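Worksheet: one structure, shown below.
Each chain gets a letter, A, B and so on, in the order its sequence line appears, and its residues count up from 1. Because the structure is a prediction, the values reported are computed rather than measured.
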Amino acid sequence: MGCGSNGIVRKTPLAEVHKNLGATMVDFAGWYMPMQYTSVIDEHTTTRTKAGLFDICHMGEFIVKGKGSFNFLQKMAVNDLNKLTVGKAIFNILCYENGTVIDDLFIYKLKENEYMIVVNACNIQKDLEWLKKHKGNFEVEINDVSDQTAKLDLQGPLSEKILRKLTSAELPKRFHFIETELSEIRTIISRTGYTGEDGFEFYFPAENAEKIWTEILDAGEEYGIKPIGLGARDTLRIEACYPLYGHETNDKITPIEVGLGWLVKTEKEDFIGKEILKKQKEHGTERILVVFEMVDRGIARENYEIFANNEKIGHVTSGTFSPTFRKSLGMALIKKPFSEIGNELNIKIKGKLHKAKIVKRPFYEYKGGQKWKTQKILNTPKTMNGLR
Amino acid sequence: MENPKDLKYSKDHEWIKIDGNIITVGITDFAQNALTEIVFVELPDKGKQVQQNKTAATIESVKSVSDIYAPASGEVIEVNEQLKNAPEKVNKDPYGEGWIFKVKISNPDELNTLIPVEEYNKIAE
């Protein structure tokens, strides 16, 4: 159900660069990726307070174009593309007929009748086959350009300052993008990300990956930029309560169950999964995603079981130690009657029940455009200094 | 960091200081480095009876959870309370302030399974 490797380990164009930086490399979703360069906590804190650069070349990109592309994507995905104008990007989900999740993705409208779709690394083949299978009579062409496309993420409150050194173009607003030259290389720059911070994502031809990577790191040096591994990418997105495919969502979970109902536009024309998702939106679901923090010591990790009054009520979908809040926290899929904020959960950690309590999501509010708020993070809490 | 010569080691990357029938247990520099940043140490209760090669403590880093086994059976007589608020001591000073617990051992023969530093150095390369 998750993002397992099939034994073949693929490399991004930056694999050697990471190794030379001394990164601990791991197999993630079949890709040879940096888990950390120095330390998850340090990289996490750097992204929250300064800026971090992530190699995200493993993710997939498809170009969908043709006269039927709008209608085709409206049929395939749950969110409504009517408001998506050229230069904007939206979060979206592909579902099966039974409403469970095939993948979550971003759709960029490049021009009329042409879209770029950004998908999770482990789902590239599955998504491509699913889309092609449903092409039917739609006048649409689907091209997988993942191998030719590099993707880097620059995230953190100082991202804009750093990017300003590299381009004089007017920078996009959140969920918007521009196409411009970055060191003479045609690049899509979108103001999007997966950390809860202001930041940008860059898409450009794969052969330039090392060049752009180096340019951004050089430009950010005076601001304290660091390369960030997947370890901190995970702790950052958990604090922001962003779902990750294979954890919060998979082919046994619907978007409504995990609080992504706001994405599912049941008032739009027919789309795959609409019938059941509409029903779930109206009548609710038996399970629901909650976020929790530990009351007892310990870290509740993925798939740990959750109990209430000796009854198993669900499982942890993601859990970690939070470098920002110096607490252990996570997300969990549990039976709805137990899901109220403030409720106590008992999570089985190594055979013993540990207390946790349900809290309001997200742990970490998106900070883009509210720079005064990042100051607070810099000043709290004092105990953080010990591990910086 | 060099592994101290006056300590014994287990193949599970623990170091053991033997002082008569009292042993002090911690994890090696190699282990703390592999675990990365330690954020919680779950200590055994004082007075608890522990069994050789069974879990006595648990160490959580950001990315992983690891059991610390008792190198020999006996009673836990002291735990490093400082680790409750400063688990990073295990990273910073694994052979000193990062010690984890002390056991009054019941069967000294069990210590024969421990290995000397030369042998441990080969494992921890």
Side-chain angles (χ1 to χ4, degrees), chain A residues 22-24 26 28 33-45 228-239 294-304 316 318-330 347-352 354 381-388, chain B residues 1 12-14 27 29-51 53-70 76 79-94 96-98 100-101 124-125:
Chain A
T24 307
V26 294
F28 173 80
M33 298 297 288
M35 174 55 71
Q36 62 176 41
Y37 298 87
T38 52
S39 115
V40 173
I41 292 176
D42 178 54
E43 290 165 29
H44 180 111
T45 308
I228 312 295
L230 293 181
R233 185 169 168 87
D234 198 43
T235 54
L236 288 159
R237 70 98 193 163
I238 292 173
E239 284 184 352
M294 294 303 297
V295 176
D296 291 340
R297 299 179 74 81
I299 300 177
R301 297 179 193 271
E302 191 182 352
N303 290 328
Y304 285 9
V316 175
S318 294
T320 186
F321 173 79
S322 153
T324 302
F325 302 105
R326 307 296 304 174
K327 273 185 206 166
S328 172
L329 36 84
I347 304 179
K348 201 180 235 179
I349 302 180
K350 306 207 105 264
K352 245 168 67 184
H354 286 61
K382 287 197 178 70
T383 48
M384 254 172 108
N385 298 331
L387 280 165
R388 267 192 196 152
Chain B
M1 196 183 291
D12 301 311
H13 306 285
E14 292 147 344
I27 65 168
D29 185 52
F30 177 84
Q32 72 76 18
N33 204 23
L35 290 175
T36 69
E37 298 144 303
I38 292 160
V39 293
F40 286 122
V41 180
E42 184 145 353
L43 299 162
D45 291 331
K46 233 164 129 176
K48 187 186 168 174
Q49 294 292 326
V50 290
Q51 300 289 321
N53 298 332
K54 293 270 161 62
T55 304
T58 307
I59 288 191
E60 300 252 16
S61 69
V62 179
K63 296 312 296 175
S64 68
V65 51
S66 316
D67 287 328
I68 308 301
Y69 302 122
V76 176
V79 297
N80 187 353
E81 299 283 351
Q82 286 198 49
L83 300 182
K84 285 187 178 163
N85 291 319
E88 68 275 11
K89 284 186 192 291
V90 178
N91 292 117
K92 284 185 184 152
D93 189 10
E97 287 191 13
I100 300 170
F101 57 89
E125 264 169 13

B:Thr55 portion near chain A, given a 4.5 angstrom heavy-atom threshold: neither
Partner chain B: residue of A:Arg297, A:Lys350, A:Met35, A:Arg301 with the largest heavy-atom pair count (under 4.5 Å): A:Arg301
Side-chain touch A:Ile299/B:Val65, heavy atoms, less than 4.5 angstrom: no
B:Glu37 to A:Asp42 - nearest heavy-atom pair and separation: OE2-N, 3.8 Å
Side chain, backbone, both or neither of B:Glu42 within contact of chain A (heavy atoms, under 4.5 Å): side chain
Between NZ on residue B:Lys63 and CG on residue A:Asp234, distance to nearest 0.5 Å: 4.0 Å
A:Lys352, part contacting chain B, at a heavy-atom distance under 4.5 Å: side chain
B:Phe40 versus A:Gly298, closest heavy-atom pair with distance: CE1-O, 3.7 Å
Heavy-atom check, side chain of A:Ile41 versus side chain of B:Val39, under 4.5 Å: yes
